Structures are given as C-alpha cells and as structure tokens.
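The sequence lines fix the lettering, A, B, ..., with proteins before strands; numbering per chain opens at 1. None of these values were measured; they are calculated from a predicted model.
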Protein chains: 2
Amino acid sequence: MTEPSGRRERKKAATRRKIADTALRLFLDRGFDAVGIRDVAAEADVAVTTVFSHFASKEALVFEQDADFERRLTQAVTGRAPDEPLLPALHREVRALVRHCTADSAAPVWRMIDASSALREYEESMRLRHAAALATALAADPALPQTTTACRALARFVIDAYAVAREATDPQTALDEIFRMIEAAWAVTCPAGKSGDPAGT
Amino acid sequence: MTEPSGRRERKKAATRRKIADTALRLFLDRGFDAVGIRDVAAEADVAVTTVFSHFASKEALVFEQDADFERRLTQAVTGRAPDEPLLPALHREVRALVRHCTADSAAPVWRMIDASSALREYEESMRLRHAAALATALAADPALPQTTTACRALARFVIDAYAVAREATDPQTALDEIFRMIEAAWAVTCPAGKSGDPAGT
DNA sequence: GACGGTAACCCTAACCGTTAGCTTTTCAAA
DNA sequence: TTTGAAAAGCTAACGGTTAGGGTTACCGTC
C-alpha cells in the first residue's frame with residue numbers, strides 16, 4: 001500500500017544479494033553442477049527454503065538480469081520515438097545487450113554457463129519467455145499493422161539474433177548480418193512497403 | 001556384429017513400446033505432472049531403472065519421434081535434388097511436419113503438452129537441438145555459399161516457423177506467411193542473388 | 001510505548017526424477 | 001551345455017524442490 005519504505009525491504013534485499021553473490025562465487029569456483037543448493041545455503045548462512053523463496057530455481061541464481069533483459073527489449077518497442085522505425089530501435093538495443101554480455105568482465109560467467117547443459121537449457125527457455133513478451137509488445141503497437149503471426153515470428157527472430165551473435169567469433173558483425181536478414185523479412189510483411197527498403201542494399 | 005536378428009531385439013522393442021504406451025495412456029488420463037515415473041513403471045510392470053534404460057528422461061517418453069523429426073529436417077537439405085532450391089524444399093518438409101502434428105488425432109497429446117510447462121520447455125530444447133543439426137547440414141552444403149552465421153540464423157528461423165505455426169489458429173497459412181519472411185531474409189544473404197527472387201513479390 | 005498482524009526466515013521431512021552398484025534372468029553363439 | 005553378454009531387476013541413494021508448521025523481527029496503529 002505505502003511506499004517500499006523501511007528496514008524490512010533492505011534486509012530482504014541484502015539477504016537476496018548475499019545468496020546470489022555467494023552462489024555465483026561458489027559456482028565460478030567449483031562449477032555449477034558441482035555445487036549443491038545445500039552448499040549455497042550453508043555458505044550464505046540461510047535455510048534452503050529461504051533460497052527458494054528468493055529464487056525460483058537453482059539456475060535462476062545465475063540469471064539475475066532476467067527481468068531487466070526482458071524489460072529493455074519490450075521498452076525498445078513501446079518506448080521508441082513516435083516516428084522512429086521499429087527495426088533500428090530493436091537493433092540498437094540488441095547490440096547493446098550483446099556488447100554487454102560479451103564484455104571481458106563477463107567472460108568467466110559465460111564460460112561457466114557454457115560448461116553446464118542445465119544452464120544452457122535454462123537460458124534458452126528464458127529467451128523464449130522474452131520472445132513471447134516481445135511478441136506481445138509488438139502486437140500491441142498500433143503503429144504496426146502486421147499480423148500477430150508476423151509479430152511472433154519477428155520476436156523469435158530477434159531473440160535468435162541475440163543467441164547466434166553471442167556465440168559467434170565476432171558478435172557485432174554477426175548481429176549486423178542477421179539484422180540485415182530480419183530487415184528483409186520484416187519488409188515483406190508490410191502491406192504497402194511504407195517504411196521499408198524497397199531496393200535491397 | 002551380426003544382423004539385428006532374434007528374439008532379444010523383439011522383446012526389447014516390446015518392452016520399450018509397452019513403457020511408452022503405458023506412459024502416454026497414464027499421462028493423457030491424469031496429466032503429465034500428476035503421474036510419477038514410479039507409477040509408469042508399476043503400471044508397465046517393469047523396474048524404474050528399465051524405464052530410464054529406454055528413455056533418457058520422463059519427458060522423452062512423450063516425444064518418441066524426436067530423432068525422426070531431426071532426420072527429416074536435415075534430409076530435406078542434404079537429400080534434395082541437385083538443382084532444387086533450398087527454401088522450397090524446407091518449406092515443403094516443414095509443411096508436412098506441421099500438418100502431421102496438427103492432425104485431429106494428435107490433438108489430445110498436444111493439449112496434454114500445452115498443459116505442462118515441463119513438457120513445453122522440453123519440446124523447445126529439443127527444437128534447439130534440431131536447429132543445431134539443421135545449421136550443421138546447411139553449413140556443410142557446398143551449394144550454399146552463405147556464412148555459418150547466416151546458416152545458423154536460417155536454421156533457427158525455420159524452427160521458429162514450425163513453432164509459431166503450430167500454435168496459430170490457421171497453421172498452414174501462418175507457415176506460408178513466415179516462410180515468405182524467411183525467403184526474403186535468405187535472399188539478402190546471397191552474394192549476387194543467384195537463385196533468389198530479385199524483385200520481391 | 002504496547003500491540004496485533006504479517007513478512008521473512010528457520011527446521012524437518014518428505015516427494016520426485018534420476019543414477020550407481022550389484023544381482024538375476026534370458027538369449028545367442030560355441 | 002557351457003559361456004558371454006545384453007536386458008532387466010532391486011535397493012539405496014543423491015540433489016532440486018516443496019509442504020507444513022513454528023519463530024523472530026519489523027511495520028503501522030492504538
């Protein structure tokens with residue numbers, strides 16, 4: 001009801017951060033699969049049930065920016081300038097996300113993720129949720145006359161672009177290449193080719 | 001060493017089929033999440049370990065055609081006529097797959113799948129494996145001069161087409177629409193527009 | 001400042017998918 | 001018939017996850 005005032009919230013946030021930090025440290029040290037939830041809980045000095053009251057699953061301990069990722073994607077659609085074309089906005093946002101997660105400082109984490117099939121699968125199912133959210137945002141935009149089918153396809157294409165680019169040797173170049181494909185795909189969904197690129201490159 | 005002759009193989013296959021059939025029946029009756037592996041084993045009159053010696057996971061009991069799906073996709077690429085263009089071949093194959101899994105007889109199974117988040121996630125991670133296999137097949141085709149990035153993107157787009165179409169109210173129309181997008185996307189990856197559709201529709 | 005409600009946390013004990021270790025059965029080839 | 005091996009079985013456990021029920025600490029109110 002009232003604002004998020006108070007000590008309680010701070011303590012809760014502190015507990016959450018302590019759990020996440022402890023977990024990440026242990027995971028990086030010994031590998032994701034070699035660390036049990038009971039280890040994390042003991043090291044963070046909380047009960048196992050407390051871990052699961054803050055995080056929905058063991059994998060979720062690693063992907064804290066989950067909600068952030070999704071919000072940034074949808075806001076690239078809903079929050080763009082009134083006359084700004086869709087795809088450049090999406091391209092820009094995804095480029096920032098790719099750059100962020102291919103930074104040198106993030107390398108150890110991604111090495112850890114790639115070493116665990118559980119984490120890799122979790123990441124992809126996360127991405128699917130993001131695609132669904134993006135598809136909803138696209139379908140709700142009155143400036144886009146496309147069908148819901150086209151919106152859903154575009155949403156998944158954009159997520160694909162992120163996923164493929166992240167694993168490429170040159171992520172930025174790969175991303176640009178895929179977005180050229182996506183631009184072309186999106187162009188053919190325009191009833192009259194309003195703001196497309198009618199002549200190709 | 002010798003041919004797959006004999007009673008042993010038949011008995012093994014019979015056990016496998018009995019487990020799968022029993023499992024599917026129970027899942028359809030009570031719902032996937034409400035049936036435990038121990039239930040399946042008991043009802044099929046086998047040990048729990050036997051279930052897992054035939055199927056890698058509980059979810060795998062539902063998706064028996066897994067390998068088949070993947071093989072059909074890759075064969076649509078590797079087994080097409082020497083001068084047949086790529087995308088129509090893929091389009092045709094995916095159309096058949098969509099038709100197959102949207103048949104009325106398959107409806108109860110898909111209702112069951114959609115009712116279980118575990119199954120939906122499993123299906124998607126299965127699809128990702130298929131996309132990876134398809135990407136490999138595409139990259140290995142000497143008739144395709146595209147980059148591996150483009151091949152990986154195309155593979156995922158094709159899987160997306162299947163996934164989105166399957167959930168659409170009119171799967172066939174949706175599939176055609178998405179493949180129009182994919183055709184356009186693929187066209188811009190051709191260095192010189194060899195066999196593309198140079199003027200768009 | 002005392003008070004009632006409730007959110008956060010703790011503990012125990014389980015459930016469920018999955019696997020390891022080891023024994024028994026069943027078939028095939030000699 | 002003997003022998004080797006694949007298939008199946010049993011038991012017991014591991015690890016993620018949850019239910020149930022109790023304790024503490026904070027918040028808003030009197």
Side-chain angles (χ1 to χ4, degrees), chain A residues 1-20 22-24 26-27 30-63 115-123 125-126, chain B residues 1-24 26-27 30-63 116-123 125-126:
Chain A
M1 301 301 173
T2 61
E3 308 89 80
S5 60
R7 186 173 324 179
R8 222 181 230 174
E9 311 261 337
R10 262 182 297 121
K11 285 206 173 185
K12 181 173 183 178
T15 302
R16 182 191 166 89
R17 218 173 313 141
K18 183 170 187 184
I19 293 172
T22 304
L24 193 59
L26 293 183
F27 292 161
R30 313 183 205 161
F32 183 77
D33 301 309
V35 177
I37 283 288
R38 289 161 178 93
D39 299 332
V40 173
E43 184 87 5
D45 199 30
V46 297
V48 170
T49 47
T50 303
V51 174
F52 284 107
S53 78
H54 284 276
F55 300 91
S57 69
K58 186 190 179 187
E59 290 79 22
L61 283 165
V62 175
F63 295 98
S116 160
S117 60
L119 278 179
R120 269 181 282 123
E121 286 187 20
Y122 180 84
E123 197 207 340
S125 74
M126 206 177 71
Chain B
M1 300 302 170
T2 60
E3 309 85 80
S5 59
R7 187 173 322 175
R8 211 175 239 173
E9 312 261 337
R10 262 182 296 121
K11 284 208 173 182
K12 181 174 183 177
T15 302
R16 183 191 165 89
R17 217 173 314 140
K18 183 170 187 184
I19 293 172
D21 291 350
T22 304
L24 193 59
L26 293 183
F27 292 160
R30 313 183 206 161
F32 183 78
D33 301 310
V35 177
I37 284 288
R38 289 161 178 91
D39 300 333
V40 173
E43 183 88 6
D45 198 29
V46 296
V48 171
T49 48
T50 303
V51 174
F52 283 107
S53 79
H54 284 276
F55 300 91
S57 68
K58 185 188 179 189
E59 289 81 22
L61 283 165
V62 175
F63 294 97
S116 160
S117 60
L119 278 179
R120 268 181 282 122
E121 286 186 20
Y122 181 85
E123 197 209 340
S125 75
M126 207 176 71

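- Residues B:Arg7 and B:Arg10 meet the side-chain proximity criterion, which asks for heavy atoms closer than 4.5 Å.
- For the pair A:Asp33 CG and D:dC14 P, the computed distance is 17 Å after rounding to whole Å.
- When heavy atoms are screened at a 4.0 angstrom cut-off, A:Val40 is found touching no nucleic acid atom at all.
- As rounded to whole Å, 14 Å separates atom C1' of D:dA19 from atom CZ of A:Phe52.
- Note that the CG atom of A:Leu61 and the CD1 atom of A:Ile37 stand 5.5 Å from one another [nearest 0.5 Å].
- In this structure, the separation between CE on A:Met126 and CG on A:Leu119 is 10.0 Å, given to the nearest 0.5 Å.
- Between B:Glu59 atom CD and C:dC16 atom P there is a gap of 15 Å when expressed in whole angstrom units.
- Following rounding to the nearest Å, A:Ile37 (CD1) and C:dC11 (P) show an atom-to-atom distance of 16 Å.
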Legend entry - Summary of protein contacts for nucleotides 4-11 of chain D, nucleotide by nucleotide, where a base hit scores B, a sugar-phosphate-only hit scores S (4.0 Å, heavy atoms): -BBSSBBB
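- Under the side-chain contact (heavy atoms from CB on, under 4.5 Å) criterion, A:Ser57 pairs with A:Glu59, A:Ala60, A:Tyr122, not counting sequence neighbours.
- Between the CZ atom of B:Arg7 and the P atom of C:dT25 there is a distance of 18 Å, rounded to whole Å.
- Rounded to an integer number of Å, the gap from CZ of B:Phe27 to C1' of C:dC16 is 13 Å.
- Counting to the nearest Å, the C1' atom of C:dA8 and the NZ atom of A:Lys18 are 15 Å from each other.
- For B:Ala47, the side-chain contact (heavy atoms from CB on, under 4.5 Å) criterion is met by B:Thr49, B:Thr50, not counting sequence neighbours.
- When rounded to the nearest whole Å, the span between CG of B:Leu61 and P of C:dG17 equals 10 Å.
- The side-chain heavy atoms of A:Arg30 and A:Asp39, taken from C-beta on, include a pair separated by under 4.5 Å.
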